[in-house]
Asks: 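Before I ask anything, let me first share the structure, which is written out below as structure tokens.
Remember, it's 1-based here, ligands and their atoms both numbered in the order they're listed.
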Amino acid sequence: MIRDPETLTLLLDSISRFVSERLVPMEAHVAETDQIPDDVVADMKALGLFGMSIPEAYGGMGLTMEEEVMAGFAVAQTSPAFRSLFATNNGIGAQGIVIDGTPEQKDFYLPRIATGEIIGSFALTEPDSGSDAGSLRTSASKEGDAYVINGTKRYITNAPEAGIFTVMARTDAARKGADGISAFIVEKNTPGLSLGNIDKKMGQKGAHTCDVIFDNVRVPASQLIGGVEGVGFKTAMKVLDKGRINIAAASVGAAERILRDAIRYAKERKQFGKAIGEFQLIQAMLADSHAEIYAARCMVLDAARRRDEGLNVSTEAACAKMFASEMCGRVADRAVQIFGGAGYLAEYGIERFYRDVRLFRIFEGTTQIQQLVIAKNLLRDAG
Ligand code: COS
């Protein structure tokens with residue numbers, strides 16, 4: 001749903017200008033230093049990028065899902081590390097509170113998330129619990145009017161920068177599955193909470209992940225999201241339904257950028273006396289990439305519109321995430337091929353995108369988990 005096309009166009013234009021004038025020139029520097037400069041982060045905050053999906057009542061832009069994916073296409077036209085910093089505030093790091101939080105939790109945290117004053121982070125995965133999220137072992141034991149959390153979370157995006165964590169922990173030790181899990185908001189400075197070393201990753205340099213360790217971390221009972229025990233897994237799944245549409249949008253935006261670079265190179269690079277773009281084998285790779293991007297873009301927009309209509313989009317979100325992230329991998333692979341030797345060299349930037357987008361097929365649910373979600377829903381719906 002697009003509320004006001006004119007306002008949206010203004011927003012998309014300002015994002016696109018910011019991306020091309022400010023972020024694209026910084027890509028190599030951020031990859032080299034593994035750090036987004038503070039002045040760039042300040043500009044992101046000034047543009048409102050941290051609060052795009054936070055409701056207007058809490059100081060955000062309150063974008064609808066359709067508007068948000070269009071903004072997502074625009075911000076993804078550069079290194080994914082940039083979007084990663086504000087993506088958790090719009091997505092998995094805040095949506096638990098937006099979707100299921102109490103009015104007090106929303107009042108207290110959302111305004112500061114919307115401005116980027118605090119970064120929200122999502123702590124679901126553990127050393128022994130990744131795809132099988134329902135098997136997580138981090139515990140939260142009730143002691144008076146507090147919960148005491150113990151356990152370790154792994155690969156937590158933006159943990160080094162985070163001010164708060166949405167933590168999924170088991171409040172009912174007797175229940176080993178999803179229904180024993182609750183979700184909490186835990187502040188970074190809570191005694192007993194510590195961070196591991198920043199992970200060395202294949203790509204997305206400038207975006208950080210690390211372990212988050214909970215050693216008798218005591219949080220008031222008021223930090224239980226929604227004030228209800230046993231529904232934390234469902235909160236996490238609802239958050240991921242939305243997150244998966246956002247990753248699909250990021251995949252589309254990145255693929256568009258990569259294809260644009262490949263087209264430019266195909267027009268410039270001459271072999272056998274003419275631009276390589278005049279050869280049909282190169283044209284086939286460009287055409288396949290464009291058609292697949294178009295298909296993914298349509299899927300993302302459709303899933304977003306359905307979510308705006310209030311429909312359950314678990315299946316569509318999984319379809320869009322699976323197709324768009326796999327598509328992006330194929331587009332990046334073809335682009336390296338079109339660039340040839342230059343595609344393998346760091347200075348042309350294509351190999352960096354090739355590594356960066358590999359993550360899209362893994363985080364917020366691997367392609368294989370999306371297949372399971374789709375198939376499970378199909379079989380259930382068939383009765
Ligand atoms: N929205 C709301 N509720 C949902 C839901 C959704 N999208 N998906 C599942 N649920 C509910 C189910 O209805 C079920 O509730 P009931 O017991 O009341 O029926 C409960 O949650 C458990 O669901 P299910 O039985 O499907 O859970 P499984 O343990 O089989 O796990 C998968 C399902 C594998 C799909 C889930 O663990 C998953 O998504 N894993 C990947 C996690 C992930 O993406 N990790 C990335 C880390 S974040 S970067």
Asks: Please say whether more than 12 non-hydrogen atoms of neighbouring residues, nucleotides or ligands are located less than 6.0 Å from CG in Asn197.
Replies: no

Asks: Among Asn158, Leu49, Ile113, find the residue that satisfies the side chain to side chain contact (heavy atoms under 4.5 Å, CB included) test when tested with Asn89.
Replies: Ile113

Asks: Would you say atom 21 (O) of ligand 1 touches the protein, meaning some protein heavy atom is under 4.0 Å from it?
Replies: yes

Asks: Show me which atoms of ligand 1 lie under 4.0 Å from any heavy atom of Lys238.
Replies: 1 (N), 2 (C)

Asks: Determine whether a donor-acceptor pair (N or O, by modelled atom type, separation under 3.5 Å) exists between the side chain of Gln223 and the backbone of Ile185.
Replies: yes

Asks: Would you mind running through ligand 1 and noting each atom that sits below 4.0 Å from a heavy atom of Thr125?
Replies: 47 (C)

Asks: Is the distance from the ring center of Phe165 to that of Phe122 below 6.0 Å?
Replies: no

Asks: So does Arg175 have more than 12 non-hydrogen atoms from other groups sitting under 6.0 Å from CZ?
Replies: no

Asks: Any chance CG of Asp38 has more than 12 other-residue heavy atoms, nucleotides or ligands included, within less than 6.0 Å?
Replies: no

Asks: In terms of relative ring orientation, are Phe339 and Tyr265 parallel, tilted or perpendicular, with 30° and 60° separating the classes?
Replies: parallel

Asks: Give the numbers and elements of all ligand 1 atoms closer than 4.0 Å to a heavy atom of Phe122.
Replies: 48 (S)

Asks: How far is atom 18 (O) of ligand 1 from the closest protein heavy atom, and which atom is that?
Replies: Lys234 NZ, 2.7 Å

Asks: I want to know if ligand 1 touches Arg244 in the polar sense, i.e. an N/O pair below 3.5 angstrom.
Replies: yes

Asks: Should we say atom CZ of Arg22 is surrounded by more than 12 heavy atoms from elsewhere, each under 6.0 Å from it?
Replies: yes

Asks: Counting each atom of ligand 1 from 1 as listed, which ones have a heavy atom of Val373 under 4.0 Å away?
Replies: 35 (C)

Asks: Give the C-alpha distance, both sets of side-chain angles, the deciding distance and a yes or no for side chain to side chain contact (heavy atoms under 4.5 Å, CB included) between Asp211 and Leu195.
Replies: CA-CA 6 Å; Asp211 281 8; Leu195 302 179; over 6 Å; no

Asks: Heavy-atom distances under 4.0 Å are what count here, so tell me which part of Leu240 touches ligand 1: side chain, backbone, both or neither.
Replies: side chain

Asks: In terms of residue, atom name and distance, what is the protein heavy atom nearest to atom 10 (N) of ligand 1?
Replies: Met237 CG, 4.3 Å

Asks: Is atom 1 (N) of ligand 1 close to the protein, meaning a heavy atom under 4.0 Å from it?
Replies: yes

Asks: Under 4.0 Å from any heavy atom of Asp241, which atoms of ligand 1 are there?
Replies: 1 (N), 6 (C), 7 (N)

Asks: Is ligand 1 under 4.0 Å from a heavy atom in the side chain of Ala133, in the backbone, in both, or in neither?
Replies: both

Asks: For Phe233, which part has a heavy atom under 4.0 Å from ligand 1: side chain, backbone, both, or neither?
Replies: side chain

Asks: Note the single closest protein heavy atom to atom 40 (N) of ligand 1, along with its residue, its atom name and the distance in Å.
Replies: Ser131 O, 2.8 Å

